[in-house]
Protein chains: 2
Amino acid sequence: MKKAAELFNDFITKKNLRMTPQRALILDIFLKKQGHISAEELYDLVKKRDPSIGQATVYRMLKLLSESGIARAVEFGDGVARYESHIGREHHDHLICTECNKEVEVVDEDIEKLQERLARKHGFKLTGHKMYLYGICRQCQRKKGG
Amino acid sequence: MKKAAELFNDFITKKNLRMTPQRALILDIFLKKQGHISAEELYDLVKKRDPSIGQATVYRMLKLLSESGIARAVEFGDGVARYESHIGREHHDHLICTECNKEVEVVDEDIEKLQERLARKHGFKLTGHKMYLYGICRQCQRKKGG
DNA sequence: CTCTATAATGATTATCATTTTCATATTATA
DNA sequence: TATAATATGAAAATGATAATCATTATAGAG
């Protein structure tokens with residue numbers, strides 16, 4: 001938690017921006033929330049603690065969090081941007097059940113290595129990736145079978 | 001080309017929908033366009049051939065194309081949905097240069113196998129995936145270096 | 001071929017997430 | 001504190017997509 005707050009302060013300073021109570025509160029709430037969160041969900045949480053904060057501020061803050069590398073966007077293809085904390089968390093990809101929308105965070109070192117290799121083969125220097133695996137989870141397979 | 005048109009006809013029939021000149025034209029243009037295309041880009045192309053076609057029809061058609069398995073959505077995270085032909089084309093993933101937005105279609109059989117394995121490990125039956133690799137292409141690396 | 005029920009069309013409006021605007025308030029600093 | 005720049009919140013604007021609805025076109029029955 002502390003590390004992220006420091007990182008954000010560094011970012012703010014470097015960019016000649018300013019720390020404000022609103023930003024501090026939004027950062028705090030964002031970091032405490034695990035998993036992914038949309039701007040609106042975050043706004044709802046923020047409002048509970050300070051109803052005077054506007055949602056434009058939340059949107060603006062999410063942009064700053066992304067730029068600073070503290071948050072990163074996760075696309076689910078439903079037209080809503082979601083963000084997750086990118087600091088103090090392991091990198092992971094997403095395994096999603098297309099029946100019940102359950103989501104599991106996964107990592108596979110071998111895949112990561114092959115991604116590097118694949119990019120290099122095409123002359124690219126890999127800087128990041130997003131991988132979404134879609135399938136049917138155990139429970140939903142049972143449901144369908146029964 | 002022919003195969004996709006037949007597939008769409010089968011889909012249309014099975015769903016008790018109807019083939020129309022508009023749908024035929026949009027399908028034709030969609031199939032001829034390689035790479036990915038947004039609803040608006042497709043609409044612009046369609047308008048050139050028949051200015052009377054409305055964009056609602058294009059949106060509706062893209063939905064049908066997705067449902068029928070002829071098109072599939074590609075997310076680029078810029079808030080615009082793009083589609084690409086999914087028939088008569090090899091499956092592929094995307095390698096994108098974050099500097100110049102150049103995009104290369106890639107496939108790696110080893111990665112595909114590991115994805116299967118990873119999903120299975122979590123009890124999922126894999127039905128599909130999306131993988132986006134982000135990096136800096138050769139030219140842009142040079143540019144930065146020079 | 002004609003009739004008929006139903007689906008498709010296109011123009012328009014609505015929706016929903018996100019961004020911008022702008023007047024006001026707050027901040028860091030001199 | 002005074003000042004210049006940035007941040008805020010409310011509201012309006014935007015942009016992509018979806019829904020509405022009156023009209024038109026289609027497939028199949030006869």
Side-chain angles (χ1 to χ4, degrees), chain A residues 8-30 36-68 71-84, chain B residues 5 8-30 36-68 71-83:
Chain A
F8 188 69
N9 256 313
D10 293 351
F11 173 79
I12 282 291
T13 306
K14 195 169 56 192
K15 286 260 186 178
N16 281 316
L17 304 175
R18 289 167 189 172
M19 185 47 90
T20 65
Q22 290 91 335
R23 288 181 175 169
L25 177 60
I26 296 171
L27 175 62
D28 185 58
I29 291 173
F30 176 77
H36 38 77
I37 190 170
S38 67
E40 192 165 350
E41 286 163 354
L42 181 56
Y43 175 52
D44 286 343
L45 291 178
V46 167
K47 260 194 307 190
K48 280 186 199 159
R49 289 237 246 143
D50 183 346
S52 74
I53 291 182
Q55 70 182 133
T57 301
V58 173
Y59 274 97
R60 285 188 278 237
M61 184 61 179
L62 278 172
K63 194 176 241 175
L64 290 179
L65 288 172
S66 295
E67 285 171 18
S68 67
R72 82 168 167 173
V74 188
E75 309 287 340
F76 276 84
D78 63 347
V80 183
R82 285 159 199 289
Y83 299 83
E84 61 183 20
Chain B
F8 188 69
N9 255 312
D10 293 351
F11 172 79
I12 283 291
T13 306
K14 195 168 56 193
K15 286 260 187 178
N16 281 315
L17 304 176
R18 290 166 189 174
M19 185 48 89
T20 66
Q22 290 91 337
R23 287 182 176 170
L25 178 60
I26 296 170
L27 175 62
D28 185 58
I29 290 173
F30 176 77
H36 38 75
I37 190 170
S38 68
E40 193 165 349
E41 286 163 354
L42 182 55
Y43 175 52
D44 286 343
L45 290 178
V46 167
K47 260 195 307 191
K48 280 187 199 158
R49 289 237 247 143
D50 183 347
S52 74
I53 291 181
Q55 71 183 133
T57 301
V58 174
Y59 273 98
R60 285 188 278 237
M61 184 62 178
L62 279 171
K63 195 177 239 176
L64 290 178
L65 288 171
S66 295
E67 285 171 18
S68 67
R72 81 168 167 172
V74 188
E75 310 287 340
F76 276 84
D78 62 348
V80 183
R82 286 159 198 288
Y83 299 83

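Treat the numbers as computed from the prediction; the structure is a model and nothing was measured. Below, chains carry the letters A, B, ... as their sequence lines are ordered, and counting in each starts from 1. Computed over heavy atoms, backbone and side chain alike; hydrogens, waters and symmetry mates excluded.
- Note that the OG1 atom of T57(B) and the CG atom of L64(B) stand 10.5 Å from one another [nearest 0.5 Å].
- Atom pair Y43(B):OH and dT9(C):C1' shows a separation of 12 Å (rounding to whole Å applied).
- Between atom CG of residue D78(B) and atom CD of residue E75(A) there is a gap of 8.5 Å, rounded to the nearest 0.5 Å.
- For M61(A) against L27(A), the heavy-atom pair with the smallest separation is CE-CB, 3.8 Å.
- When all heavy atoms are compared, the tightest approach of Q55(A) to Y43(A) is N-CE1, 3.4 Å.
- Taking NZ of K47(A) as the reference point, atom CD of E40(A) lies at 8.0 Å (rounded to 0.5 Å).
- Taking all atoms of both residues into account, the shortest heavy-atom contact from L65(B) to S68(B) is O-OG, 3.0 Å.
- Separating the CZ atom of R23(B) from the P atom of dA27(D) is a distance of 11 Å, rounded to the nearest angstrom.
- Note that CZ of R23(A) is 6.0 Å distant from CZ of F8(A), once rounded to the nearest 0.5 Å.
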Along nucleotides 24-29 of chain C, 5' to 3', which nucleotides get a B, which get an S, and which get a -, given that the test is a protein heavy-atom distance under 4.0 Å?
---B--
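- Here dA16(D) presents its P atom at 11 Å from CD of E41(B), a figure rounded to the nearest Å.
- Here I26(B) contributes atom CD1 and R60(B) contributes atom CZ; the two are 9.5 Å apart, rounded to the nearest 0.5 Å.
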For nucleotides 17-22 of chain D, list the nitrogen or oxygen atoms of the protein found under 3.5 Å from its nitrogen or oxygen atoms, one pair per line.
unit_1  : atom_1 : unit_2 : atom_2 : d
dT17(D) : OP1    : A81(B) : N      : 2.8
dT17(D) : OP2    : Y59(B) : OH     : 2.8

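- S38(A) and V80(A) get closest at one heavy-atom pair: CB-CG1, 3.8 Å.
- Residue I26(B) contributes atom CD1, which lies 10 Å from atom C1' of dT9(C) at whole-angstrom precision.
- One atom, CD1 of I37(A), and another, P of dT18(C), lie 12 Å apart when rounded to the nearest Å.
- Distance CG (D50(B)) to P (dG10(C)): 7 Å, rounded to an integer number of Å.
- Here the P atom of nucleotide dG10(C) and the CG atom of L25(B) are 10 Å apart, to the nearest Å.
- Per the geometry, CD1 belonging to I12(B) stands 14 Å off C1' belonging to dT6(C), to the nearest Å.
- Here the CD1 atom belonging to I37(A) is positioned 9.5 Å from the CZ atom belonging to R82(A), to the nearest 0.5 angstrom.
- Contact record, A24(B) with M19(B): N-SD, 4.1 Å, taken as the closest heavy-atom pair.
- Between its two ends, the helix from dC1(C)-dG30(D) to dA30(C)-dT1(D) turns its axis by 30°, counting five pairs per end and rounding to 10 degrees.
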